[in-house]
Protein chains: 2
Amino acid sequence: MPTVAPQRSRKAQIDRTATAMFRARGFAATSMRELATELGLEAGSLYSHIKSKEEILHRVCFGLAEDFFAGFAAATAQGSAPIATQLRQAIEAHVRVLTRDSAASAVFLHEWRHLSEPARTEFLALRDRYEVAFRALIQRGMAQGELHAPDAVFAALTLLASLNWLPAWYRPDGKLTPDEIAHRLAEQLLSGLRRTEEPV
Amino acid sequence: MPTVAPQRSRKAQIDRTATAMFRARGFAATSMRELATELGLEAGSLYSHIKSKEEILHRVCFGLAEDFFAGFAAATAQGSAPIATQLRQAIEAHVRVLTRDSAASAVFLHEWRHLSEPARTEFLALRDRYEVAFRALIQRGMAQGELHAPDAVFAALTLLASLNWLPAWYRPDGKLTPDEIAHRLAEQLLSGLRRTEEPV
DNA sequence: TATACTTCCTAACGCTCGTTAGCAAAAAAA
DNA sequence: TTTTTTTGCTAACGAGCGTTAGGAAGTATA
């Protein structure tokens, strides 16, 4: 049962299909033979295009990491803007990456553990850097009195947690557009972070 | 390399060790031979105590589901209490289950997909019921003016998302006790939900 | 035309998987 | 003591795994 195959490079098709299957069944439970069948191929044929199964996972995980960093950098480009604004833009950028390819996002969030060393450690370092960036933004907001939270570490963790649950329930054909989702999420999360009843 | 084995029934030991490995490597990537080695056994010996690999996963997933429902029921037992109080107690109960056994919780949250039918569908129905219960509580709070949120569905999703990220970073030997964590989480989440500046 | 590249095939490699059968020793119960 | 239960072993089963080698078409380039 091959799915419809648009005129994309074979390698990109493989990545795309594999990502969907990794998301649905998990990396370890997805066999190269199943992946090949889904593409209308034999298993061996895959290796004319890729080097290994893990190579696909590697590309997905590190590719998305790049996207997240790029989004955050753009959102916080003008450091003179109010922290709440930068944070809102960072949230929206994060949601945009998550919704643009929710399958890849789910793989990024859950399947990285199947990377072998040293890729696994590298990946975790990247993820940590990203988390720290969010935390630092919140801390700066707290220092300037724009944000309030009992604990910046907590705030950053719960914030990212709320966002990262999105791929679990987001459907591209749902009622809300990604931008609307991003806006609502930012609104709800910030209304818990922003100092109450003060004009920003 | 057998771990220290307290005087617990062999079956419970197997469940416990398997849960830790399922959490660390994922269900599909954990082999019965590795599990046996971790317990100081040969692979075949496991089957004197269990029927199958999936049976372990089934017990973990459905056992924890029971715990979550019991906690929620207890938290909302006195329906006359303010909704905010009930919600806070439900959050604390949820966190208590998550922290009591964070390995089992992580398996519950991420490895259920490896249940085969019909268990998988049953599990998802349970999970959905739980989510609906939270949502209903929030909706009642909104109807009574105790809570405010742009969207009850969103609120329930982000709330549970924030909580369910806990097993990813919680360490039993950390600085904060489970109760302190529960309290802080509830505080931060409710301060985003509670109508601002009104005494409850 | 000849040459190279892309794409896919068949067949097989060594290995690991979950699980079972049959047996044996130790521990508990009678 | 005898009997039963618990616990564990060895050896093997059929199946599936990721991957490779070597070849053969089709397509683009020269």
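So you know, we letter chains A, B, ... as the sequences are listed, proteins then strands, and number each from 1. Computation of the quantities below employed the complete heavy-atom set of this structure, encompassing side-chain atoms and omitting hydrogens, waters and symmetry-equivalent molecules. Note that the structure is a prediction, hence the values are computed from the model and not measured.
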Short side-chain N/O contact to C:dT7 OP1/OP2 from A:H49, under 4.0 Å: yes

Using whole Å, what does the distance between atom P of nucleotide C:dG18 and atom NZ of B:K53 come to? 4 Å

Let me know which of B:K53, B:R59, B:H58 forms a side chain to side chain donor-acceptor pair (under 3.5 Å) with B:E55. B:R59

Salt bridge between A:R127 and A:E131, side-chain N to carboxylate O under 4.0 Å? no

Euclidean distance, atom CE of residue A:M32 to atom C1' of C:dC15 [Å, nearest integer]: 17 Å

Closer than 4.0 Å, any side-chain N/O of A:R10 to the OP1 or OP2 of C:dC8? yes

Tell me the interatomic distance from A:I14, atom CD1, to C:dT6, atom C1', rounded to whole angstroms. 12 Å

Before we go on, tell me: are the rings of B:F108 and B:F22 under 6.0 Å apart, centre to centre? no

Please report the distance, rounded to the nearest Å, between CD in B:E42 and C1' in C:dT19. 15 Å

Rounded distance in Å - CG (B:L46) to C1' (C:dT19): 11 Å

Rounded to the nearest Å, what distance is computed from the CG atom of residue A:L39 to the P atom of nucleotide C:dC8? 9 Å

Whole angstrom is fine here: how far is it from NZ in A:K11 over to P in C:dC5? 16 Å

Between B:Y47 and C:dT19, does any side-chain N or O lie under 4.0 Å from OP1 or OP2? yes

Min side-chain heavy-atom separation B:D179-B:R96 under 4.5 Å: yes

For the backbone of A:V107 and the side chain of A:R23, can you confirm whether one donor and one acceptor N or O come within less than 3.5 Å of each other? no

Could you check whether B:R184 pairs with B:E180 (Lys NZ or Arg NE/NH1/NH2 to Asp/Glu carboxylate O, under 4.0 Å)? no

May I ask you to check whether B:F68 and B:H94 place their ring centres under 6.0 Å from each other? yes

Reading DNA chain D from 5' to 3', where do the contacts with chain B start and stop? Cut-off is 4.0 Å to heavy atoms. D:dT7 to D:dA12

Look at the aromatic rings of A:W112 and A:F123 and report parallel, tilted or perpendicular, splitting at 30° and 60°. parallel

Encode nucleotides 21-27 of chain C as B, S and - characters from 5' to 3', where the letter depends on protein heavy atoms closer than 4.0 Å: B to the base, S only to sugar-phosphate, - to neither. -------

Given the side-chain rings of A:F134 and A:Y130, with only the six-membered ring counted for Trp, is the space between their centroids under 6.0 Å? yes

Grab the CD-C1' distance between B:E34 and C:dG18 for me, whole Å please. 13 Å

